[in-house]
Amino acid sequence: MTEVTPGGPAAKAGLRGDSNAAKLNSLSQSADPYALLKGNGDIIVGIDGKQVSSIEQLTQDINQDQPGQTVVLTVLRAGKTLHVRVTLGTWPSSQNP
């Protein structure tokens, strides 16, 4: 994950974003954001036992569920696979798909 919203469902579930994600907003438009990221955030690879391979697919799967519903995300963290229960919230207005 690039960034976890403080107090949001991902943060409450203990998911971790990249430790350098906060610095992304200060980059110039021509800078490569991937050069800044450390790659130490959680990588979501599944939801409710289904494999996901893109953020678009994950977003589509989450949009089929309702706020308040609990899903199980499969994440890679430091080379280990974890299953994390997340209670869905509403999309922040700036990220409404």
Side-chain angles (χ1 to χ4, degrees):
M1 299 182 73
T2 303
E3 195 167 11
V4 173
T5 303
K12 289 177 183 176
L15 292 173
R16 301 176 185 176
D18 191 282
S19 60
N20 267 355
K23 296 179 182 179
L24 288 176
N25 292 335
S26 64
L27 286 180
S28 70
Q29 295 259 336
S30 61
D32 177 10
Y34 298 104
L36 177 69
L37 295 174
K38 289 189 173 186
N40 59 357
D42 291 338
I43 300 169
I44 300 171
V45 296
I47 180 170
D48 288 337
K50 258 179 45 180
Q51 183 177 353
V52 293
S53 57
S54 69
I55 189 65
E56 292 81 14
Q57 182 185 4
L58 176 64
T59 300
Q60 185 177 36
D61 288 345
I62 288 174
N63 282 339
Q64 293 177 19
D65 297 323
Q66 299 297 316
Q69 185 173 342
T70 300
V71 298
V72 177
L73 298 179
T74 303
V75 301
L76 298 178
R77 179 183 293 165
K80 295 181 181 177
T81 302
L82 303 172
H83 300 283
V84 180
R85 296 181 70 76
V86 178
T87 302
L88 301 177
T90 56
W91 289 102
S93 58
S94 64
Q95 294 181 354
N96 194 1

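Fair warning: this is a prediction, and the values are worked out from it, not measured in the lab.
Take T81 and apply the side-chain hydrogen bond (donor to acceptor under 3.5 Å, both in side chains) test, not counting sequence neighbours, and it matches no residue. Shown here are the side chain to side chain contact (heavy atoms under 4.5 Å, CB included) partners of V45, two or more places apart in sequence or in another chain: I43, T74, L76. Not counting sequence neighbours, the partners of D61 by the side-chain hydrogen bond (donor to acceptor under 3.5 Å, both in side chains) test are K50.
Note that CD of Q60 is 8.0 Å distant from CG of N63, once rounded to the nearest 0.5 Å. Atoms CD and CG, from Q64 and D48 in turn, are 10.5 Å apart once rounded to the nearest 0.5 Å.
Nearest heavy-atom pair, A13 versus R85, reported as atom, atom and distance to 0.1 Å: CB-O, 3.4 Å. Heavy-atom minimum distance, G89 versus P9: N-CG, 3.5 Å. The shortest heavy-atom contact between G17 and N40 is O-OD1, 4.4 Å. Considering all non-hydrogen atoms of both residues, T5 and A11 come closest at O-CB, 3.4 Å. Of all heavy-atom pairs spanning R16 and V4, the tightest one is C-CG2, 3.8 Å. Taking all atoms of both residues into account, the shortest heavy-atom contact from L88 to D65 is CD1-CB, 3.4 Å.
The same ILVMFWY cluster, assembled from side-chain heavy atoms under 4.5 Å apart, contains both I44 and L82. Linking ILVMFWY residues whenever their side-chain heavy atoms come closer than 4.5 Å, directly or via other members, leaves L58 and V72 in distinct clusters.
Here the side chains of I47 and I62 are in contact, with some heavy-atom distance below 4.5 Å.
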